[in-house]
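When a ligand or atom number is given, it counts from 1 through the structure's own listing order. Below, each value reflects all heavy atoms present in this structure, side chains not excepted, and no hydrogens, waters or symmetry copies.
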Amino acid sequence: MLTVTNLYARYGKIEAVHGISFHVEEGEIVTLIGANGAGKSTTLKALMRLPPPEAPVVSGGEILFAGQSLLRIEPHVVVDKYKMTLVPEGRHIFGNLTVMENLQLAAWTRPKHTFSGSLERIFSLFPRLAERARQRSDTLSGGEQQMLAVGRALMADCSVLLLDEPSMGLAPLLMLEMFRTLKQLNAEGLTLIIVEQNAKLALEVADRGYVLDTGEIVAEGAARELMQHPRIREAYLGG
Ligand SMILES: Nc1ncnc2c1ncn2[C@@H]1O[C@H](COP(=O)(O)OP(=O)(O)O)[C@@H](O)[C@H]1O
Ligand SMILES: [Mg+2]
């Protein structure tokens, strides 16, 4: 469904991604793992076609979605037509708005009559958000803010969800809960691309994975196989 071939991405003169290739099939969970600075977020921002300076310029290669190039299209087309949505690192929710207002804002492009159905789904996935619907978002815990960020993405009627470090800042129990929910979303038909420094957690839920190291893919395969690989165990899974 999504095929990335020989992708190069740079910020000004500095190249952050040096010719990577990977693919994601419909219904899969694919993870990109790697250390801080490996180019994981850069890759997601390139896929979403976000503009510089926060996002990179794609300086080579191709991104195809169902055979169509994403290279010369506007970011809103990626969301509206290709139904890809990014949950960015750092969450990007509106702290001065309530949980409910954040979810309403995220749904502004979709038909009004579909709103309450989506809201119900999100509240059943994340009951804590339902309890806190009228609470200001900046008073939520880190874990609840991460749930809200995922909830916002689901409000946007997406079929491919890109998650940048969904485990970041979460206590261990909430991490497990978050990944269980992601697995459930996948079982309901959502395709997931998960970028993680927490390789163990990501490989446990993913079908396939790619290991990024300083802008290059150094290993790829079934998540199960990557987890068994001695070099990957040593470098990313704590031996
Ligand atoms: N907006 C930016 N401007 C300039 N350089 C950036 C920017 N974002 C990231 N970089 C650089 O690109 C490289 C890859 O970063 P990033 O994709 O954020 O890595 P990761 O998400 O794997 O931690 C790093 O060297 C980082 O310093
Ligand atoms: Mg990152």
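For residue Ser41, an N/O/S atom approaches the Mg ion (ligand 2) to within less than 2.8 Å.
Looking only at its N/O/S atoms, Glu89 has OE1 as the one nearest to the Mg ion (ligand 2).
Among pairs with a residue in residues 125-139, those fulfilling salt bridge (charged side-chain N to carboxylate O under 4.0 Å, His left out) read Arg128-Glu144, Arg132-Glu144, Arg136-Asp138, at least two apart in sequence or across chains. Listed by first and then second residue, the ring pair (Phe, Tyr, Trp, His ring centres under 6.0 Å) pairs that reach into residues 129-159 come to none, sequence neighbours excluded.
A distance limit of 4.0 angstrom between heavy atoms and ligand 1 selects the residues Tyr11, Ala16, Ala35, Asn36, Gly37, Ala38, Gly39, Lys40, Ser41, Thr42, Pro53, Glu54.
For Lys40 and Asp164, the salt-bridge test fails: no basic side-chain N is under 4.0 Å from an acidic carboxylate O. Note on Arg208 versus Glu28: salt bridge recorded, some NZ/NE/NH1/NH2 to OD/OE distance being below 4.0 Å.
Ring planes of Tyr210 and His23: perpendicular class, angle over 60° (limits at 30 and 60°).
Annotation: side chain of Leu161 is in contact with side chain of Val87 (closest heavy-atom distance under 4.5 Å).
Remark: Phe126 engages no residue in a ring-ring contact (aromatic ring centres under 6.0 Å, His included) (not counting sequence neighbours).
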